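Everything quoted here is computed from the prediction, not taken from an experiment.
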Amino acid sequence: MAVCARLCGVGQSRRCRRRQRPSHQDQSDSDLDMDEEEEERIVGKLKAEAGNGCQESQGAAARPMDLDATTALCSANVNRLGYGEANSAGRLKPQSLLDLPPELLVEIFSSLPGTALPNLALVCKKFRQILNTETIWRRRCTKEFGMKEDLRKMELVGVSSRELYVKRVSPRVKSGRFMKLLPDYEHMDYRDVYARLLYPYRHILGLWQPDIGPYGGLLNVVVDGLFIIGWMYLPPHDPRVEDPMRRRPLFRIHMWESSRASVECMYGHKGPHKGDIQIVKKDEFSTKCNQTDHHRMPGGRQEEFRTWLEEEWGRTLEDIFHEHMQELILMKFIYTSQYDNCLTYRRIYLPPHLSSDLLPPGLFKGTYGSHGLEIIMLSFHGTCAKATKLTGDPNVPAGQLTLVVHLNRPVRLPDLEQQCSGDEISRLVLGLHEEVQQEAQGEEAPVDGPEESPAAGAQGDEAMAVTVTADAPGAEAASSSSSSTSGASRAAAEAQPFVLPLGVIARNEEYPRSCRMCFYGTGLIAGHGFTSPERTPGLFVLFDDNRFGFIWLELKSFSLYSRLTDPLAQAVAPSMERFEAMLQNMQSWTS
């Protein structure tokens, strides 16, 4: 936090109202151009004081500061802007940054990381004055944190997408004008926002999984205007798996005053109230509510349960006729309500997208019988694809591998009549399951080889060619004769008719009636409390890049998965190694 403290002391804050810009001016232009009033003031003053800053810098140069990295960045930007050598007009090469005009220094400083600017402010008076320019801090807020709002326009036209949050502070206020609700923002500038809001809380931006026992969850912390908001992502109501995700704000951080940022809990039905955030350790933080009475309802626990049920399931308890499902719902409400005042979150990453992946990895919503819809993460690991639960249930908790797909074990579907009976699909899948178990136990494969195995049958070459066509991991070893299999590959990659076998139960009957390809896989089942976990065979059915399914042979059920398409910034893992380590940690949380 030492850097943050120094950020707060860079020069004098500009406490004046910004003049209104023409309404027809494009927003992107205003983000790139300097504030005219401010530029004229600073540039004029600096030209009048030319030379004073140079004398001061000679004394400052002896200070024990680490400016090597900052100087290198500045020099790189000078060369990039064409001031490294004498130009055709005869301009001499500048001897130092102080020889450059102020407007060029603003351009250079705007390209530097915000953490490098406090050192520059200590060099001389000229640099310190230039770093008062709002253009520099506006660009840092935009580039480093994706902030899009214009502070100059907030006091004039309000905050469209933020009206929901500011109105909840005072529901009696009818106007959506931002200044009537938050008058302190007229005195705020981008340096305050950067130094006291965005930079101090930069470590909590991104995706997180709350520690709510077996149920887990998905939290996305983003910069939203002048707020940092923690959005809890909830699956759509069962069984509408292709509906968009639902979002619920759990907390928000903003600046009621220019001197500090405030944390508010958004849980409950009485509006925002005091909260707190604590960084526990790297990639882990916790939230605490300081006014839990805001979570209670006048009707007591019964009213709270009815309200929760309508939000969570979109129905009343009377609409749910299955007794076992009623027990599961009541159990979840009792368990999760214990965490309404304090929660711990652990960072999660999205898997990197490689060209060899069968389809783009990411997050999907899936049907899980009486447990409703859950969120899983699909990732690719060599010849396997893995689906990890981000939300879970008392049987298979969040963090566990719900599906493992063997991409080197393709399955060619039989005709529709045989699909309906289910016998042929079961024979193919169970044959591959036995084959994989034998390999795992170190036993030799049958003499006739995989071409004659029960799963591949007469279509073994075509099925293997599917893997090659899809660029799945391990496809390099699938076949060495591409000329003989290229035609079969294209034919096998075409859509195949698909229908669920008789007796297989599907929560959502609106599944596609054709698929791209199928693979043998296993699904994790367990008793209540994650007892006696077991991987059982099944069929992975790829419909398209955004939908896939899994037939659980032992359970005689079908799960349909649909991609979560919400944009998730700052979420992709920096490397595959970091992602693999995160998956191992997730499984250890619930083991």
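Under the ring-ring contact (aromatic ring centres under 6.0 Å, His included) criterion, Phe305 pairs with Phe333, not counting sequence neighbours. Every residue two or more places apart in sequence or in another chain that forms a side chain to side chain contact (heavy atoms under 4.5 Å, CB included) with Ser559 is listed here: Thr367, Trp552, Tyr561. With sequence neighbours excluded, the residues that form a side chain to side chain donor-acceptor pair (under 3.5 Å) with Asp238 are Arg507. The salt bridge (charged side-chain N to carboxylate O under 4.0 Å, His left out) check on Glu304 picks up Arg296, Arg301, with sequence neighbours excluded. By the side chain to side chain donor-acceptor pair (under 3.5 Å) test, Thr531 is found to be paired with no residue, residues two or more places apart in sequence or in another chain being considered. Not counting sequence neighbours, the partners of Asp544 by the side chain to side chain donor-acceptor pair (under 3.5 Å) test are Arg547. Applying the ring-ring contact (aromatic ring centres under 6.0 Å, His included) criterion to Tyr233, with sequence neighbours excluded, gives no partner residue. Applying the side chain to side chain donor-acceptor pair (under 3.5 Å) criterion to Lys389, with sequence neighbours excluded, gives Glu374, Asp393. Residues satisfying the side chain to side chain contact (heavy atoms under 4.5 Å, CB included) test with Thr307, not counting sequence neighbours, are His269, Met297, Glu303, Glu311.
Listed by first and then second residue, the side-chain hydrogen bond (donor to acceptor under 3.5 Å, both in side chains) pairs that reach into residues 274-285 are Asp283-Arg347, sequence neighbours excluded. Residue pairs meeting the salt bridge (Lys or Arg N to Asp or Glu O under 4.0 Å) criterion with at least one member in residues 206-223, sequence neighbours excluded: Asp211-Arg346. The stretch residues 549-578 participates, sequence neighbours left out, in no salt bridge (Lys or Arg N to Asp or Glu O under 4.0 Å) pair at all.
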Run the side chain to side chain contact (heavy atoms under 4.5 Å, CB included) test on Leu250 and Trp231 for me, step by step, so that the C-alpha distance in whole Å, both residues' side-chain angles and the decisive distance to 0.1 Å come before the verdict.
CA-CA 6 Å; Leu250 290 192; Trp231 291 103; over 6 Å; no
